[in-house]
A.B. asks: 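One structure follows; several queries about it will come next.
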Protein chains: 2
Amino acid sequence: MKPENKPVTEGDKLFPCSCQAVGGVLSRIGDKWSVLVVMLLADGPKRFSELKRAIGTVSQRMLTLTLRGLERDGLVTRTVTPSIPPRVDYELTELGHSLCGPVRGIGDWAFDNHARIEAAQRAFDARQEDAA
Amino acid sequence: MKPENKPVTEGDKLFPCSCQAVGGVLSRIGDKWSVLVVMLLADGPKRFSELKRAIGTVSQRMLTLTLRGLERDGLVTRTVTPSIPPRVDYELTELGHSLCGPVRGIGDWAFDNHARIEAAQRAFDARQEDAA
DNA sequence: CTGTATCCCGGTTGATACTG
DNA sequence: CAGTATCAACCGGGATACAG
């Protein structure tokens, strides 16, 4: 059922199904905060202010937007406790947890290779300066 | 050396090192075309026009920009054959190939779960309409 | 504490035209 | 064929103020 791994192409056209699927997921995990939030929720539920403090540099607006997006995608649940002051907890769904593995794969790759990437960038930039 | 997997946090602060690393990589693979290009190059070198046709909806400008970025990061090599008309081939480096595994992890997850995501979105949107 | 509503800036993208 | 230049449009995202 799954279009098998290697051939992303068939003739000259992309597989529309897998491409759109990947594209959609990528635009979510590619945004500035989603992955961070998912990783923070990986080890248990957290409330809004905890997330905000943990990330530190996120605006209230963007955190709300991010959480709404994740909730809409079925990756997190939102639980309101109507006390005073109100309390809202966010928790990864099973689907959300299942995303952690693949994301960690990227994260580990990034950690293992960022030095090489930065070296490549410096080398590239140096070559550019020579040209100029 | 690698900050071990589960605790993304320590006290209340994020690990700066792994976060920046992941963030940098994510902003690359999170952009609209990089992953697509990497996957297309996974099974062998391709020339500029092949990539352009394969993707179809990418502008010439963005494909050039994407390829430059990947080249700068050391993920692809650019080989110019100064013929008339000129010919330029792009190929994944070893580093580029090593990224394919993790990316495929995300891709497989996306493929396996996009139906559930879309269902969750529809359910969420339906709930919103009720509120209105 | 949590969330919404505005305003606004800057980067990213696409369209188009031009060059080697 | 491959790439650059320019311009305009769009959209993410921050700051701020306000509300429940």
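Each chain gets a letter, A, B and so on, in the order the sequences are listed, and its residues count up from 1.
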A.B. asks: What is the 5' to 3' range of DNA chain D, first to last nucleotide, that sits under 4.0 Å from any heavy atom of chain B?
C.D. replies: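 Under 4.0 Å from chain B, the extent on DNA chain D is dC1(D) to dT6(D).
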A.B. asks: Under 4.0 Å between a Lys/Arg side-chain N and an Asp/Glu carboxylate O for D89(B) and K46(B)?
C.D. replies: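 No.
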A.B. asks: Suppose we screen for side chain to side chain contact (heavy atoms under 4.5 Å, CB included). Which residues come up paired with R72(B), at least two apart in sequence or across chains?
C.D. replies: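 R72(B) satisfies side chain to side chain contact (heavy atoms under 4.5 Å, CB included) with Q121(A), F124(A), D125(A) only.
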A.B. asks: Partners of S98(A) by side chain to side chain donor-acceptor pair (under 3.5 Å), sequence neighbours excluded?
C.D. replies: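 Result, side chain to side chain donor-acceptor pair (under 3.5 Å) vs S98(A): W109(B).
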A.B. asks: Which nucleotides of nucleotides 15-20 of chain C have their base under 4.0 Å from a protein heavy atom (B), which only their sugar-phosphate (S), and which neither (-), written as one string 5' to 3'?
C.D. replies: B-B--B
A.B. asks: Residues in side chain to side chain contact (heavy atoms under 4.5 Å, CB included) with V58(A), at least two apart?
C.D. replies: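 Residues passing side chain to side chain contact (heavy atoms under 4.5 Å, CB included) with V58(A): W33(A), I55(A), M62(A), L63(A).
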A.B. asks: Can you list the residues that meet the side chain to side chain contact (heavy atoms under 4.5 Å, CB included) rule with T64(A), with sequence neighbours excluded?
C.D. replies: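 Once residues adjacent in sequence are excluded, the partners of T64(A) under the side chain to side chain contact (heavy atoms under 4.5 Å, CB included) criterion are F48(A), R68(A).
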A.B. asks: Whole angstroms only, please: what is the CE-P distance between M62(A) and dT2(C)?
C.D. replies: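 So the CE-P distance, M62(A) to dT2(C), works out to 18 Å.
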A.B. asks: Can you list the residues that meet the salt bridge (Lys or Arg N to Asp or Glu O under 4.0 Å) rule with R78(A), with sequence neighbours excluded?
C.D. replies: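 Applying salt bridge (Lys or Arg N to Asp or Glu O under 4.0 Å) to R78(A) gives none.
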A.B. asks: Does E118(B) have any side chain to side chain donor-acceptor pair (under 3.5 Å) partners at least two apart in sequence or in another chain, and if so, which?
C.D. replies: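 Checked E118(B) against side chain to side chain donor-acceptor pair (under 3.5 Å); matches are H114(B).
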A.B. asks: By side chain to side chain donor-acceptor pair (under 3.5 Å), which residues pair with R116(B), not counting sequence neighbours?
C.D. replies: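 In terms of side chain to side chain donor-acceptor pair (under 3.5 Å), with neighbours along the sequence ignored, R116(B) is linked to no residue.
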A.B. asks: Name all residues meeting the side chain to side chain donor-acceptor pair (under 3.5 Å) criterion together with T66(A); count only those two or more places apart in sequence or in a different chain, and write none if there are none.
C.D. replies: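 Scan of T66(A) (side chain to side chain donor-acceptor pair (under 3.5 Å), adjacent residues dropped) gives none.
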A.B. asks: How many Å lie between NZ on K32(B) and C1' on dG11(C), as a whole number?
C.D. replies: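 It is 15 Å, rounded to the nearest whole Å.
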A.B. asks: List the residues meeting salt bridge (Lys or Arg N to Asp or Glu O under 4.0 Å) with R61(B), not counting sequence neighbours, and say none if there are none.
C.D. replies: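 For R61(B) there are no salt bridge (Lys or Arg N to Asp or Glu O under 4.0 Å) partners, ignoring immediate neighbours.
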A.B. asks: With axes from five pairs an end, tell me the bend angle of the helix from dC1(C)-dG20(D) to dG20(C)-dC1(D), nearest 10°.
C.D. replies: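 The angle, to the nearest 10 degrees, is 40°.
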